[in-house]
Amino acid sequence: MLNLKIAETFRNLSQLFEIRQDNPFRTRAYERAAQAIEGLNEDIEIIAQEGRLREIPGIGEDLERKINEFIGTGKVRAYEELKKSFPDGLLELLRVPSVGPKTAKLLYDELRIQNVAGLESAIAKGKLKGIFGIKEKTIENITAGISLFKAGKERMPLSVAWQVAESFLKPLQDLPGVKKISCAGSLRRQKETIKDIDILIVSEKPQKIMHHFTSLPQVQEVIASGSTKSSVRTDDGIQVDCRVVMEKSFGAALLYFTGSKNFNIKLRQIAIRKSLKINEYGVFRGKAFVAGRKEGEIFKLLGMEYIEPELREDTGEIELARKGKLPKLITQDDLRGDLHTHSSWSDGNHTIQEMAHAAIRQGYSYIAVTDHSQGLTIANGLSVKDLLKKKREIEKVNNTLRRCKVLYGTEVDIDSQGGLDYPDEILKEFDIVIAAIHSGFKQSKEKLTHRMLKACDNKYVHIISHPTGRLWGTRNAYEIDFDAILTQAKDTNTALEINSFPLRLDLNDSHCRRAKERGVKLAINTDSHSIEHLQAARFGIAVARRGWLTSKDVLNTLPLGELLKAINK
DNA sequence: GCCGTTTTCGGCCCGACTGTTTTCAGTCG
């Protein structure tokens, strides 16, 4: 996929324009295009082949040509030309917090500073003093920015972000004077990775709240502290922003603070066309306040349905909301069971009975215990002999249960040729069969794809688990031809999994949206290895919602009887 | 450079906080 490369080219162009202080609107047009391309859930080459580039918001005649140029030649001439007039490391300077385009240009013009290393040594030699507009405090800020840049503060997984957010939400929500509190930003949109945490509070006493916020024990550094807005950094280096507004502005502020940026811009443009103005305090006609207390009333005023935070990325949701045709997103309450869990029979920590009772507490009416197959010895995979014993144990447990049924399952290994780790006579005995790749990740794209297609072909395989194999911080997704897999899954009535395990989230949101468009069913599973892991379903739900899924798109929202019929091949 | 239920030209989202140049530009979200 060239999507990210093209987006990067446009972003670099935008930043070079910014440094050159080119037409600011042209600058923004390139940045918007970069964001739009990043957010695509399709291969841009396919869009180009089908002549649909102009349908991407922010892509006009010129950028269409530049995209086609990149696809054809691997380069954009205009970018290569412009790059020549700047040193290579200049864009790097913009990634230092508190260094923006103006400062970068100033540093380059005055001191010929071309990259972060140069900036660092210039500071060490005291060369920054004396430059017009730069004094002690600015140098301090830039120095701090450099250490942040070098620390390479990465994004954190959604699950970690929730933990950090709760460590702020809990102490703040009980403070006297806090009337409402909510997280906002990409956390509220439930993106799979989060950069910083945003918190919004309703209070008549903003100063007091700000004081409490900036003095919480986990705060290591106060980056900014104003009367209604403050930013801090925690001891883990995570930035948390907090903003206090009046009650009548809560909806407007929540909308603004939740973003995404492109979503907000489009909403504000629509408002302007209706002679309205939106800011974080409300919607105004002239100077008159017309709405702002709730997000819902703002959407209504703009002539559209309420848009769930997970959809707010400006990838078509605004247009559908204006027509009243948004999908009704799946919620956690829609889930009736979990189809991928492990017990102490293989590498899980709890017995089948313990897993079943945990499922009941979760409100489920079924749980599939899908232990590993024999070849996966490292995970204590089950021999054919063990399977019989396990089956009997499940029957025994089921005899003690009334509201919940344990399904006899397996997570069968797909071998390096696409064969399965149990023969068909064994596979047909299971209530549910999940197939997954656990080795040979470095094979070619063709070979990996072939293995998956072959697994789908087996009439006893119901679900392909963690289809892209990525594991946060450990390995990237392996290369597969996802479109070919979608076609095969559809043709063979094989479902694909959204693995909710916080370090996997595999499939991801854009995979889900593509699967839904192709009519492929999904299963939201946790891959639990202990009873606590069952809670992770909320992250799979987050992925599904961001992927526009409704309960109809997801297998395990079905009652047991319908589920068993639906998976039948 | 993009875009149109006022426009194919003339607009383009909006505001808080900081530091510095004492009236505002730069950065950030």
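Values reported hereafter were calculated over all heavy atoms of this structure, with side chains retained and with hydrogens, waters and symmetry mates removed. Here is the naming used below: chain letters follow the sequence lines, and residue numbers restart at 1 for every chain.
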Could you go over nucleotides 3-5 of chain B and give all protein N or O partners under 3.5 Å, atom names and distances?
from: B:dC3; atom 1: OP1; to: A:Gly58; atom 2: N; distance (Å): 2.9

Atom pair distance, as rounded to whole Å: CD1 in A:Ile37 and C1' in B:dG1: 13 Å
Taking for each residue the nucleotide of DNA chain B with the nearest heavy atom, is it A:Glu136 or A:Lys277 whose nucleotide lies nearer the 5' end? A:Lys277
What string of B, S and - do you get for nucleotides 21-29 of chain B, 5' to 3', when a contact is any protein heavy atom under 4.0 Å? B----SSSB
Is any side-chain nitrogen or oxygen of A:Tyr281 closer than 4.0 Å to OP1 or OP2 of B:dC13? no
side-chain N/O A:Thr228 vs B:dC17 OP1/OP2, d < 4.0 Å: yes
Pairs touching residues 217-232 of chain A that satisfy side chain to side chain donor-acceptor pair (under 3.5 Å), sequence neighbours left out: A:Ser167-A:Gln218, A:Glu221-A:Arg233, A:Ser231-A:Asp241
Using atom C1' in both nucleotides, what's the gap between B:dC2 and B:dC13 to the nearest angstrom? 15 Å
Heavy atoms, side chains only, cut-off 4.5 Å: are A:Arg26 and A:Tyr30 in contact? yes
A:Phe284 and A:Phe289 aromatic ring geometry - parallel, tilted or perpendicular at 30°/60° bounds: perpendicular
Take atom P in B:dC28 and the same atom in B:dT23, then report the distance between them in whole Å. 26 Å
Please report, rounded to the nearest Å, how far the P atom of B:dC12 is from the CD1 atom of A:Ile272. 7 Å
Have a look at A:Arg243 and say if it touches a base, only the backbone sugar-phosphate, or nothing, with a 4.0 Å heavy-atom cut-off. sugar-phosphate
Run the salt-bridge test on A:Glu92 and A:Arg95 with the 4.0 Å N-O cut-off and return the result as yes or no. no
Is the shortest heavy-atom distance from the side chain of A:Trp548 to the side chain of A:Glu517 under 4.5 Å? no
Between B:dC12 and B:dC17, how far apart are the two C1' atoms, rounded to whole Å? 25 Å
Check every strand shown and say whether A:Ser227 touches a base, only sugar-phosphate, or nothing at a heavy-atom separation below 4.0 Å. sugar-phosphate
By nearest nucleotide on DNA chain B, pick out whichever of A:Glu64 and A:Ser275 is the more 5' one. A:Glu64
To the nearest Å, how far apart are A:Asn23 CG and B:dC2 P? 12 Å
Tell me the interatomic distance from A:Arg65, atom CZ, to B:dG1, atom C1', rounded to whole angstroms. 11 Å
To the nearest Å, how far apart are A:Glu31 CD and B:dG1 C1'? 14 Å
Grab the CD1-C1' distance between A:Ile265 and B:dG15 for me, whole Å please. 13 Å
Check the side chains of A:Thr550 and A:Asp553 for a donor-acceptor pair under 3.5 angstrom, ignoring hydrogens and angles. yes
Heavy-atom side-chain contact between A:Leu267 and A:Met304 under 4.5 Å: yes
Please determine whether a side-chain nitrogen of the Lys or Arg among A:Lys266 and A:Glu319 lies less than 4.0 Å from a carboxylate oxygen of the Asp or Glu. yes
Phosphate OP1/OP2 of B:dG19 contacted by A:Asn141 side-chain N/O (<4.0 Å): yes
Counting any heavy atom closer than 4.0 Å, what does A:Ser225 reach on the DNA or RNA strands: base, sugar-phosphate only, or nothing? sugar-phosphate
B:dT8 -> Watson-Crick or G-U wobble partner, both distances under 3.5 Å, gives none
Using a 4.0 Å heavy-atom cut-off, does A:Asn264 contact any base of the nucleic acid, only the sugar-phosphate backbone, or nothing at all? nothing
Within this structure, what is the CG-to-C1' distance between A:Asp314 and B:dC12, rounded to whole angstrom? 15 Å
Among the nucleotides B:dG19, B:dC2, B:dC17, whichever has the atom closest to the side chain of A:Lys137 is B:dG19
Separation between the P atoms of B:dT27 and B:dT21, rounded to whole Å: 15 Å
Considering only atom C1', compute the distance from B:dT20 to B:dC14 and round it to an integer number of Å. 24 Å
Give me the distance, rounded to whole Å, that separates B:dC3 from B:dT8 when you measure between the C1' atoms they each carry. 9 Å
Select one nucleotide: of B:dC17, B:dG1, B:dG19, the one nearest the side-chain heavy atoms of A:Phe25. B:dG1
Rounded to whole angstroms, how far apart are CG on A:Asn279 and P on B:dC14? 8 Å
